**Student:** 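Quick one: structure below, then a few questions.
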Amino acid sequence: MHYRMLLLLGSIMQLAALGIAGSTPSCYAGINGDPAFCSTCSGSCTAMTGCTCSTSLASCLPDQHTCILNSTACCLPSLSWYPDLACCVEEPYCTPACLADEACQYVNRIPVCAANTTFYQTLGLTAYNVSNVVTCRGSNMTVSVGKNLLEVLHYNPSASTLSEHNCTGATVSTLDGQRVYSLTVHISVGTCGNIMTKNATHVTYTNTINIPGNNMNGIVTAGNISLQFSCTYNITMQTVLSTVIKPVMSTENLNSGGTGGDALTTLAAYVNPSYTVPLQQSQQQELVVGSTLYFGMNTLFPDPAFVLRVDQAFATPTSDGTGSLKIQLIQGGCSTDNGPNIQVIENGVSKEVRFSITSFAFRGYDTVYIFCDARLCNTASESCSACSSTREVSEGAVQFSLGPLSFQDNLADSSGHRTGLSFTLLVGSLMSLWILLLSEIV
Ligand SMILES: *[C@@H]1O[C@H](CO)[C@@H](O)[C@H](O)[C@H]1NC(C)=O
Ligand SMILES: *[C@@H]1O[C@H](CO)[C@@H](O)[C@H](O)[C@H]1NC(C)=O
Ligand SMILES: *[C@@H]1O[C@H](CO)[C@@H](O)[C@H](O)[C@H]1NC(C)=O
Ligand SMILES: *[C@@H]1O[C@H](CO)[C@@H](O)[C@H](O)[C@H]1NC(C)=O
Ligand SMILES: *[C@@H]1O[C@H](CO)[C@@H](O)[C@H](O)[C@H]1NC(C)=O
Ligand SMILES: *[C@@H]1O[C@H](CO)[C@@H](O)[C@H](O)[C@H]1NC(C)=O
Ligand SMILES: *[C@@H]1O[C@H](CO)[C@@H](O)[C@H](O)[C@H]1NC(C)=O
Ligand SMILES: *[C@@H]1O[C@H](CO)[C@@H](O)[C@H](O)[C@H]1NC(C)=O
């Protein structure tokens with residue numbers, strides 16, 4: 001017994017020495033036939049059970065070059081798969097290789113890349129040296145913190161949270177050669193405690209990552225670390241949509257004709273001509289008669305040869321877009337009234353389309369749904385910004401819809417409620433308005 005122990009210790013020392021010298025380890029062969037090689041007991045290997053003898057179901061050692069799993073699943077606990085030799089070895093061996101600040105170690109008898117404590121102690125780093133990296137991508141912000149330094153300092157970065165403590169689920173990955181834990185949050189107001197600030201040109205979202213200290217047997221070994229992070233975006237028609245809780249918008253994927261790339265496209269309504277204030281769902285049924293609504297579309301499709309074009313837009317009182325009552329707003333890419341009530345500001349020239357409509361365009365309706373047939377248009381083969389006489393909508397067009405929009409008289413009744421304008425009232429007021437306008441023109 002003693003002899004065997006010594007032998008084992010000796011071989012470990014030897015392996016360690018070999019490891020330092022950078023030599024390759026050798027296949028583990030067991031001690032006096034224990035454990036048995038799989039070839040001696042008709043054993044086989046599966047990802048679920050590892051390598052086992054067919055008769056006793058005891059674990060066995062796969063013979064060199066026999067375990068097709070090609071991973072540590074081939075090996076008994078406290079052994080590691082060594083791909084170059086295609087066998088199990090005693091010294092911990094990690095695939096893929098560990099990073100410079102890590103050491104391959106057995107944790108729960110499985111080889112894993114763990115933080116190299118000596119490495120960090122040599123550098124003399126403390127909690128003051130913990131920092132974060134922020135990636136602002138599209139409508140996400142991702143905050144990452146270095147896993148290894150935090151673990152050496154007795155923190156538990158895998159349990160990190162955002163301002164709102166139920167925003168958890170940090171995932172591990174490598175970033176610039178460092179192993180990091182990351183949390184991703186969508187840039188919308190209030191989500192996970194996001195704080196939004198904006199000025200005329202930029203909108204900034206700020207949040208905080210909280211990294212808890214390890215809690216070992218109820219004893220907290222380190223205080224929490226809280227690090228603030230933020231992403232700043234230029235104010236655009238697209239980025240302002242995240243600045244309100246529920247914008248009036250609709251998102252569809254356009255048919256990109258198999259050219260690949262994300263063709264995610266949004267249609268949204270705005271209340272100002274500079275498209276910086278989105279219409280909110282809480283306001284969409286309380287629009288003032290006579291007000292102008294600004295409609296903006298934007299596509300993420302990256303190919304520069306393509307622009308966004310709205311072939312037609314129309315309004316109906318019903319949400320399904322069918323029915324005989326229908327107001328054509330845009331046809332063949334252009335306004336149906338050339339101006340006063342329907343203005344096409346930009347169509348078929350960029351990745352954005354802009355048009356505006358005054359509520360007077362919706363003569364005879366007090367509730368309307370807006371429909372838009374939009375598509376990607378190839379500037380190399382078509383004149384995408386031209387007005388076309390055809391009433392046909394191009395084959396690849398996708399329909400977007402917004403609504404219901406309702407128009408209210410600006411005056412409250414005696415009980416303080418705003419009243420929806422009835423059909424006749426609206427027509428009546430429009431008639432008088434037209435008469436007024438006509439008399440002014442004349
Ligand atoms: C085994 O896995 C290693 C890395 O995981 C790979 O480089 C090698 O090609 C694999 N060998 C076989 C036989 O699949
Ligand atoms: C751990 O870091 C120390 C100090 O940098 C280094 O000497 C040692 O080789 C490292 N250990 C491993 C297994 O990489
Ligand atoms: C670690 O933090 C201390 C205290 O803030 C600072 O003096 C030191 O330069 C930092 N070390 C590194 C490597 O950043
Ligand atoms: C944003 O994050 C979500 C969820 O994590 C993910 O599905 C989506 O692909 C991300 N978008 C971008 C642009 O990274
Ligand atoms: C977190 O909690 C808040 C308030 O209780 C809740 O509104 C929110 O939906 C929760 N978020 C998640 C991601 O569970
Ligand atoms: C708006 O905010 C951005 C980001 O915080 C800042 O860089 C910019 O100077 C601010 N502009 C004005 C006009 O205050
Ligand atoms: C540290 O963070 C944990 C988990 O987020 C939380 O439960 C605990 O209250 C925090 N402790 C302090 C002192 O803030
Ligand atoms: C933000 O706006 C500035 C000035 O208009 C411009 O130079 C910059 O490229 C914009 N950044 C992005 C990400 O669009």
Side-chain angles (χ1 to χ4, degrees), residues 24-25 27-28 38 44-47 50-51 62-75 79-89 91-99 102 104 110-113 134-143 158-171 174 181-205 207-210 212 230-246 262 264 266 274-276 296 298-302 304 308 350-352:
T24 53
C27 294
Y28 180 67
C38 296
S44 59
C45 303
T46 70
C51 299
D63 302 65
Q64 197 173 8
H65 297 297
T66 60
C67 186
I68 56 163
L69 300 174
N70 190 22
S71 76
T72 290
C74 297
C75 304
L79 294 178
S80 300
W81 181 251
Y82 197 81
D84 285 357
L85 294 173
C87 68
C88 299
V89 299
E91 82 170 2
Y93 188 85
C94 294
T95 313
C98 296
L99 305 175
E102 294 173 334
C104 185
I110 293 165
V112 293
C113 292
V134 186
T135 317
C136 308
R137 193 172 294 130
S139 51
N140 286 341
M141 31 183 200
T142 299
V143 60
S158 70
S160 295
T161 68
L162 295 176
S163 286
E164 229 162 58
H165 289 294
N166 57 355
C167 291
T168 56
T171 54
T174 53
Y181 271 106
S182 304
L183 281 168
T184 293
V185 56
H186 192 260
I187 50 155
S188 38
V189 184
T191 302
C192 291
N194 280 345
I195 293 167
M196 188 266 295
T197 53
K198 67 174 173 177
N199 60 24
T201 54
H202 294 84
V203 56
T204 300
Y205 297 87
N207 207 313
T208 301
I209 182 169
N210 297 303
S230 61
C231 283
T232 297
Y233 298 85
N234 284 352
I235 295 250
T236 65
M237 190 166 92
Q238 202 57 24
T239 60
V240 293
L241 293 176
S242 306
T243 64
V244 298
I245 291 173
K246 284 182 176 168
D262 196 351
L264 219 55
T266 54
S274 50
Y275 286 79
T276 54
N298 176 285
T299 184
L300 295 178
F301 191 62
L308 186 61
S350 74
K351 298 286 196 267
E352 288 186 354

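We count ligands from 1, going down the list as the structure has it; atoms in each ligand are counted the same way. Bear in mind that the values here come from a model prediction, so they are computed numbers and not experimental data. The figures here come from the full heavy-atom set of this structure, side chains too, leaving out hydrogens, waters and symmetry mates.
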**Student:** Is Cys67 close enough to Cys45 that their SG atoms are under 2.5 Å apart?
**Tutor:**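 Answer is no, sulfur atoms not closer than 2.5 Å.
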**Student:** Side chains of Ser163 and Asn207: do they bring a donor and an acceptor to under 3.5 Å?
**Tutor:**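 Yes, a side-chain donor-acceptor pair sits under 3.5 Å.
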**Student:** Any chance the SGs on Cys98 and Cys113 are under 2.5 Å from each other?
**Tutor:**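 Yes, because the SG atoms of Cys98 and Cys113 sit under 2.5 Å apart, which meets the disulfide cut-off.
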**Student:** Within a radius of less than 6.0 Å around CG of Leu264, do more than 12 heavy atoms belonging to other residues, nucleotides or ligands occur?
**Tutor:**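 Count over threshold, so yes.
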**Student:** May I ask you to check whether Asn70 has an N/O atom sitting below 3.5 Å from an N/O atom of ligand 1?
**Tutor:**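 Min N/O separation from ligand 1 is below 3.5 Å for Asn70.
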**Student:** Once ring pair (Phe, Tyr, Trp, His ring centres under 6.0 Å) is applied, do any residues pair with Tyr93, and if so which ones, sequence neighbours excluded?
**Tutor:**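 In terms of ring pair (Phe, Tyr, Trp, His ring centres under 6.0 Å), with neighbours along the sequence ignored, Tyr93 is linked to Tyr82.
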**Student:** Without swapping roles, check the side chain of Asn234 against the backbone of Thr201 for a donor-acceptor pair under 3.5 Å.
**Tutor:**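 A pair under 3.5 Å: no.
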**Student:** Write down, by chain and number, every protein residue that brings a non-hydrogen atom to less than 4.0 Å from an atom of ligand 8.
**Tutor:** Asn234
**Student:** Looking only at side chains, do Ser80 and Glu91 share a donor and an acceptor under 3.5 Å apart?
**Tutor:** no
**Student:** So if I count the atoms of ligand 1 from 1 in the order they appear, which ones are less than 4.0 Å from some heavy atom of Thr95?
**Tutor:**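 This gives 4 (C), 5 (O) as the contact atoms.
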**Student:** What atoms of ligand 5 come within less than 4.0 Å of a heavy atom belonging to Asn166?
**Tutor:**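 Counting atoms of ligand 5 from 1, those under 4.0 Å from Asn166 are 1 (C), 2 (O), 3 (C), 8 (C), 10 (C), 11 (N), 12 (C), 14 (O).
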**Student:** Heavy-atom contacts with Glu164 under 4.0 Å: which atoms of ligand 5 show up? List them by number with element.
**Tutor:**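 Ligand 5 atoms under the 4.0 Å threshold to Glu164: 1 (C), 3 (C).
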**Student:** With a 3.5 Å cut-off and no angle check, do the side chains of Ser230 and Thr204 form a donor-acceptor pair?
**Tutor:**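 There is no such pair (donor and acceptor under 3.5 Å, judged by atom type) between the side chains of Ser230 and Thr204.
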